[in-house]
Peer 1: 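Sharing a structure with you now.
Order of the sequence lines sets the chain letters (A, B, ...), proteins ahead of strands, with each chain counted from 1.
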Amino acid sequence: MDARDPLPRAFYRRDALRLARALLGKVLVHRTPDGLAAARLVEVEAYRGPRDRAAHSAGGRRTPRNEVMWGPPGHLYVYFVYGMHWCANVVAADAGVPEAVLLRAAEPLEGLDLMRARRGRRGPDAELLRGPANLCRALGIGRAHNGADLTAGSLFLADAPAPPRHRQRRSARIGVDYAGADARRPWRLYLAGSPAVSGPPALRG
DNA sequence: AGGAAGATCCGCT
DNA sequence: GCGGATCTTCCTG
């Protein structure tokens, strides 16, 4: 498979934790009229369905907002938070199983000028996609991309070598203190030492 | 109909 | 470390 081809549907058809592991190192590509932007995923979080109190699908709540989580795998679930930010998830597992992987950070690869412009040229390049909302901003992802099919179209994930195991780390997920015991489950995965990883220093090495 | 909280980010102290 | 920005969504009454 060419590195520029979208990963196939079968890649996404597994539970969110396994998909999260597989996503580390993969390349998210977005072609728009303004140009192409691409970045390598270095931080993700698994949200594991109705029994996961931290997930938007907790308790089996199915609403217009999280509807995409119930759909087939390989689509993007994009939601709006805090009155100003967009965040993007990759839908995992079979239709009817509402699991997803939040994309928290990535290292810029292509389209640096475009991403700087979208971000307002703030900070070092390595931090252009540091944090879930910044990632969406730099890649031009927003409301229009909710439900987008990542296996066909201008927004897709391309294959890339898996990062070495000795750089892979796990931690509790960030920003889910409301979720009780589930808040402490180690379902955040990241690459140690990447300057693009978000969170406090203790959660980046 | 109303209100509370949110899978965040940034700038200031 | 803290709080403000800003608005959608969902639950409650």
Peer 1: Looking at A:N66, I'd like to know whether one of its side-chain N or O atoms comes within less than 4.0 Å of OP1 or OP2 on C:dC10.
Peer 2: no

Peer 1: How close or far is atom C1' of B:dA7 from atom CE of A:M84, stated in whole angstroms?
Peer 2: 16 Å

Peer 1: I need the CD-P distance between A:E67 and C:dT8, as an integer number of Å.
Peer 2: 20 Å

Peer 1: Run A:R104 and A:S198 through side chain to side chain donor-acceptor pair (under 3.5 Å) and show every step you take.
Peer 2: CA-CA 7 Å; A:R104 286 198 59 93; A:S198 72; 3.2 Å; yes

Peer 1: What about A:Y178: does its side chain form a donor-acceptor pair under 3.5 Å with the base of B:dA5?
Peer 2: no

Peer 1: Tell me which nucleotide, if any, is Watson-Crick or G-U wobble paired with B:dA7 when both distances must be under 3.5 Å.
Peer 2: none

Peer 1: Describe the nucleic acid contact of A:R61 in one word from base, sugar-phosphate, nothing, applying a heavy-atom distance below 4.0 Å.
Peer 2: sugar-phosphate

Peer 1: Which of these nucleotides, B:dA7, C:dA5, B:dT8, is closest to any side-chain atom of A:H85?
Peer 2: B:dT8

Peer 1: Using a heavy-atom cut-off of 4.0 Å across all strands, would you classify A:R119 as base, sugar-phosphate, or nothing?
Peer 2: sugar-phosphate

Peer 1: Can we say A:D52 and A:R185 salt-bridge, meaning some charged N sits less than 4.0 Å from an Asp/Glu carboxylate O?
Peer 2: no

Peer 1: Only one of A:V90, A:V91, A:L7 clears side chain to side chain contact (heavy atoms under 4.5 Å, CB included) with A:L150; which?
Peer 2: A:V90

Peer 1: Provide, to the nearest angstrom, the distance between the CZ atom belonging to A:R53 and the C1' atom belonging to B:dA7.
Peer 2: 15 Å

Peer 1: Please identify which of these residues, A:R40, A:E43, A:R204, meets the side chain to side chain contact (heavy atoms under 4.5 Å, CB included) condition with A:L191.
Peer 2: A:R40

Peer 1: Describe the nucleic acid contact of A:N89 in one word from base, sugar-phosphate, nothing, applying a heavy-atom distance below 4.0 Å.
Peer 2: base

Peer 1: Suppose you measure atom P in B:dG2 against the same atom in C:dT6; what distance do you get, rounded to whole Å?
Peer 2: 23 Å

Peer 1: Would you say A:Y79 and A:N66 make side-chain contact, with heavy atoms under 4.5 Å?
Peer 2: no

Peer 1: Rounded to whole angstroms, how far apart are NE2 on A:H56 and P on C:dC11?
Peer 2: 12 Å

Peer 1: Go through B:dC9, C:dA5, C:dC10 for me and flag the one nearest to the A:P132 side chain.
Peer 2: B:dC9

Peer 1: Is the NZ or CZ atom of A:R48 both under 6.0 Å from the centre of the six-membered ring of A:W187 and within 45° of that ring's axis?
Peer 2: yes

Peer 1: Do we see A:Y47 stacking on the base of B:dA7, given a limit of 5.5 Å between centres and 30° between planes?
Peer 2: yes

Peer 1: May I have the distance from A:M69 (atom CE) to B:dA7 (atom C1'), rounded to whole angstrom?
Peer 2: 10 Å

Peer 1: Name the closest nucleotide to the A:R143 side chain, picking from C:dT8, B:dA7, C:dT6.
Peer 2: C:dT8

Peer 1: Tell me which of A:F80 and A:R130 sits closer to the 5' end of DNA chain B, going by the nucleotide each one is nearest to.
Peer 2: A:F80

Peer 1: Remember a base hit wins even if backbone is also touched, and classify A:A133 as base, sugar-phosphate or nothing at under 4.0 Å, heavy atoms.
Peer 2: sugar-phosphate

Peer 1: What's the CG-P distance between A:L102 and B:dT8, to the nearest Å?
Peer 2: 8 Å

Peer 1: Rounded to whole angstroms, how far apart are CZ on A:R137 and C1' on C:dT6?
Peer 2: 14 Å

Peer 1: Take atom CZ of A:R173 and atom P of B:dG6, then tell me their distance rounded to the nearest Å.
Peer 2: 15 Å

Peer 1: Look at the side chain of A:Y82 and decide which nucleotide, out of B:dG6, C:dC10, B:dC10, has an atom nearest to it.
Peer 2: B:dG6

